[in-house]
Amino acid sequence: MPGSVPDPTTDEPSHLPDDTAHDGAPASSRRPRSLGAVAGVVAALVALAVAEIVAALSRTFQSPVLDVGDRVIDAVPRRVKDLAIDWFGTNDKIALLVGIASILTVYAMVVGIIAFGRRLPLALGGIAVFGLIGAYASQTTRRQAPFVAVLPSVIGAAVGVAALYGMRRAATRRAGASAPTDMTTTTSTPADATPTTAPSRPSIAELVPNDRRRFLATAAAATTGAVLLGGIGRQARQRFSAAGDRARLRLPSARRPLAATPPEIVAPVDGVSSFFTPNAGFYRIDTALTVPQVAVDGWRLRVTGMVDDPFELTYDELLQLPLVESDITLTCVSNEVGGKLVGTARWLGVRLDDLLGSAGIDPDADQIVGRSVDGYTCGFPTSALDGRDALVAIAMNGELLPLEHGFPARLIVPGLYGYVSATKWLEEIELTRFDRFDQYWVERGWVDDAPIKVQSRIDTPKGLTTVDAGTVPIAGVAWAQTRGIERVELQFDDGDWVEATLAAELNDVTWRQWSYAWPATSGRHTVRVRATEKNGPIQTPDRTEPFPSGATGQHQIVVIVR
Ligand SMILES: Nc1nc2c(c(=O)[nH]1)N[C@H]1C(S)=C(S)[C@@H](COP(=O)(O)O)O[C@H]1N2
Ligand SMILES: [Mo]
């Protein structure tokens, strides 16, 4: 039997008849197309699953999808990024992954259709290109990746090529045998083996139902294999998770722990922000598509650059230094007026001036750069070492840093926006000069010296809510870190500004709560807030965007009183 049927799989793709021209039947031209699309997607799944498995072999490898995603994050113009954040908020990373998946799917379908048409080499080349993109991304990451990091992409693409080729074979195998008897399946008779028509030019267009079923079975098997393999790869990568380290380590204590905060720092109104932002609710902003997993054992904090004595510390050595506690409000430059990208924590860490003092800073150095294990950098003036509690923090609100907030160590500098100061997953502190090095966001046009601007926010009532006429409590927060808040005022519609009651100040680097008992009359009212920093100007009403140095303007809400 084998000898009686010419093996159609040995045919070159160029020998395939043009499936549309073959008999003009729309069904026969549509069928290979849809099969091709399916095969393309399945081949892509197989390629990604294999890449995932290979990526699981080493900590230095990464899934190509994530590598490409990282490149996209670094490359997108600000307007696109702003748009993405407008549309998706802090789900922008999920949106990015969904976007990559959609583009990949369409690409894979096209490649599959081409493969099932007459241009197999072109299609296989299409997969190779896709592997090359992954390989390129793996070599241009912010962190220095070794050359072998191309392996997940290269091996994945190679197996993807084989999978597509194999599925095409599965689809074409019996194409020559287009006799009606093909409808029989297992009850194969000798007649089946003897083609009734000339089998010389097998065509996918001539696939018959049985073959389609066989093809679909192959595709389903490949898909199942891919899902299993991908799942195993994912699971295997778990062994690089830092969660175990974090759970095992003990929380060290400060040399002189801070006292509990006085209750007077809280405005006595329901709905005002909690003074300390719980870690789980603390805003998260970073360029990391997946949270870097730093193994404490291999981690070192290096102090380098323009210092007399560069040095490095292990995690244990860092914890041997005097640990201090400090209550500091961290703020993101991208926070819109009234926004939530601001939070307060009790941080525990080593004072930066202590740490750098022992290295001896070159007086010509004017910039301190914090470099992350993921290659992200921040940079701020050495003049920030003016006695304020700039820290290499290791804990936050009574827990070791959560993985998303920079475990095992990060920088926190009071009074400076996070992007210039707060490097998470910190591994190097380099002393340099502003005219020698631009940090990550400065390269993208943001200013290099970014003190936090005075801001205030109404927490309660929420905008566009309806309240009963009578006394309505209003409350919120105001901040101007390192300067402190002197006064908060409210304006109702176009009335005169009235002074809110300030809660006690904890220190000049945390936000300050305020409240006001508003005698509300029915109608629709606009409520506006402004703060004045100590010895400083009143918060300007002029609205500006966060770019390039932080938003200005006053928060206002509309409240309906019935
Ligand atoms: N490694 C790394 N550190 C980083 C960033 C980042 O993208 N990567 N983003 C910075 C920015 S813009 C801010 S506002 C703060 C936010 O810290 P959080 O996510 O802990 O709130 O982290 C800073 N540190
Ligand atoms: Mo930020």
Side-chain angles (χ1 to χ4, degrees), residues 69-70 72-76 78 81-82 85 89-90 92-93 96 141-143 242 273 276-294 299 301 328-336 339-349 368-380 390-397 399-430 439-448 450-453 455 479 481 511 545-551:
D70 279 344
V72 174
I73 288 178
D74 289 352
V76 290
R78 190 171 45 80
K81 189 167 293 182
D82 287 353
I85 290 172
T90 35
D92 55 344
K93 284 171 190 154
L96 171 65
T141 51
R142 278 171 245 135
R143 74 205 148 85
S273 303
F276 288 102
T277 315
N279 288 355
F282 206 98
Y283 80 90
R284 174 188 165 199
I285 290 288
D286 53 59
T287 57
L289 201 44
T290 50
V291 175
Q293 305 293 321
V294 180
W299 181 82
L301 176 61
I328 300 165
T329 298
L330 180 63
T331 310
C332 182
V333 70
S334 298
N335 194 42
E336 304 274 355
K340 294 277 183 201
L341 304 181
V342 51
T344 301
R346 174 161 289 186
W347 307 92
L348 173 70
I368 303 173
V369 169
R371 190 166 279 113
S372 164
V373 300
D374 71 350
Y376 177 88
T377 49
C378 73
F380 54 94
L391 301 178
V392 173
I394 52 126
M396 155 182 201
N397 289 329
E399 302 176 42
L400 292 176
L401 288 177
L403 302 184
E404 315 82 73
H405 295 291
F407 178 85
R410 72 173 304 171
L411 286 166
I412 291 290
V413 183
L416 301 181
Y417 285 120
Y419 81 101
V420 293
S421 65
T423 296
K424 304 192 272 189
W425 314 291
L426 180 70
E427 68 170 8
E428 183 182 356
I429 298 171
E430 183 190 359
Q439 53 121 328
Y440 187 89
W441 286 113
V442 170
E443 278 186 322
R444 288 160 179 78
W446 296 74
V447 301
D448 62 10
I452 296 169
K453 294 176 178 169
Q455 263 301 340
W479 60 88
Q481 291 95 311
W511 55 19
E545 291 299 301
F547 183 81
S549 62

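Numbering of ligands and ligand atoms starts at 1, following listing order. Because only heavy atoms are used, hydrogens play no part in the values below, and waters and symmetry mates are left out as well, while side chains stay in.
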Quiz item: Any N/O of Thr331 closer than 3.5 Å to an N/O of ligand 1?
Solution: no

Quiz item: Applying a 4.0 Å heavy-atom criterion (strictly less than), which segment of Asp374 is in contact with ligand 1: side chain, backbone, both, or neither?
Solution: side chain

Quiz item: Okay, side chain of Asp448, backbone of Phe380: is any donor-acceptor separation there less than 3.5 Å?
Solution: no

Quiz item: Between the main-chain N or O of Thr277 and the side-chain N or O of Asn397, is there a donor-acceptor pair closer than 3.5 Å?
Solution: yes

Quiz item: For Tyr419, is at least one N or O under 3.5 Å away from an N or O on ligand 1?
Solution: no

Exercise. Indicate yes or no for a side-chain donor-acceptor contact from Gln481 to the backbone of Ile328 under 3.5 Å, with no hydrogens or angles considered.
Key: no

Quiz prompt | Exam field: side chain Asp70 to backbone Thr141, donor-acceptor pair closer than 3.5 Å | solution = no

Quiz item: With backbone taken as N, CA, C and O and side chain as the heavy atoms from C-beta onward, which portion of Tyr376 lies under 4.0 Å from ligand 1: side chain, backbone, both, or neither?
Solution: side chain

Quiz item: What protein heavy atom sits nearest atom 6 (C) of ligand 1, and how far off is it?
Solution: Asp286 CB, 3.3 Å

Quiz item: Is a donor on one side and an acceptor on the other found under 3.5 Å between the side chain of Lys424 and the backbone of Ser372?
Solution: no

Quiz item: Does NZ or CZ of Arg444 lie under 6.0 Å from the centre of the six-membered ring of Tyr440, at an angle within 45° of the ring axis?
Solution: yes

Quiz item: Do any nitrogen or oxygen atoms of Leu330 come within less than 3.5 Å of a nitrogen or oxygen of ligand 1?
Solution: no

Quiz item: Which ligand 1 atoms does Thr423 reach within 4.0 Å, using its non-hydrogen atoms?
Solution: 3 (N), 24 (N)

Practice problem: Ignoring hydrogens, just give me the one of Arg284, Arg410, Glu404 whose non-hydrogen atom is nearest atom 15 (C) of ligand 1. | Solution: Arg410

Quiz item: For His405, is at least one N or O under 3.5 Å away from an N or O on ligand 1?
Solution: yes

Self-check item: Between Trp511 and Thr344, a side-chain donor and acceptor under 3.5 Å
Solution: yes

Quiz item: At a non-hydrogen distance cut-off of under 4.0 Å, which region of Phe282 contacts ligand 1 (side chain, backbone, both, or neither)?
Solution: side chain

Exercise. Identify, for atom 21 (O) of ligand 1, the protein heavy atom at the shortest distance, and state residue, atom and that distance.
Key: Tyr283 O, 2.7 Å

Practice problem: Distance to 0.1 Å, residue and atom name: give those for the protein heavy atom nearest to atom 3 (N) of ligand 1. | Solution: Lys424 N, 3.0 Å

Practice problem: Among all protein heavy atoms, pick the one closest to atom 24 (N) of ligand 1 and tell me residue, atom and distance. | Solution: Ala422 O, 3.0 Å

Quiz item: When you measure from the side chain of Gln455 to the backbone N and O of Trp479, does any donor-acceptor pair fall under 3.5 Å?
Solution: no

Exercise. List for me each residue that meets ring-ring contact (aromatic ring centres under 6.0 Å, His included) alongside Tyr283, sequence neighbours excluded, and say none if there are none.
Key: none

Exercise. Verify, without hydrogens or angle tests, whether Lys81 (side chain) and Ala75 (backbone) share a donor-acceptor contact under 3.5 angstrom.
Key: no

Self-check item: Test side-chain contact (heavy atoms from CB on, under 4.5 Å) applied to Asp286 and Tyr419, Tyr376, Trp425, the passing residue
Solution: Trp425

Quiz item: In terms of residue, atom name and distance, what is the protein heavy atom nearest to atom 9 (N) of ligand 1?
Solution: Ile285 O, 3.2 Å

Quiz item: Side chain, backbone, both or neither: which part of Cys332 has a heavy atom under 4.0 Å from ligand 1?
Solution: both

Quiz item: Which ligand 1 atoms does Ser372 reach within 4.0 Å, using its non-hydrogen atoms?
Solution: 1 (N)

Quiz prompt | Trp425, portion touching ligand 1 at heavy-atom distance under 4.0 Å | solution = side chain

Exercise. Heavy-atom contacts with Thr287 under 4.0 Å: which atoms of ligand 1 show up? List them by number with element.
Key: 6 (C), 7 (O)

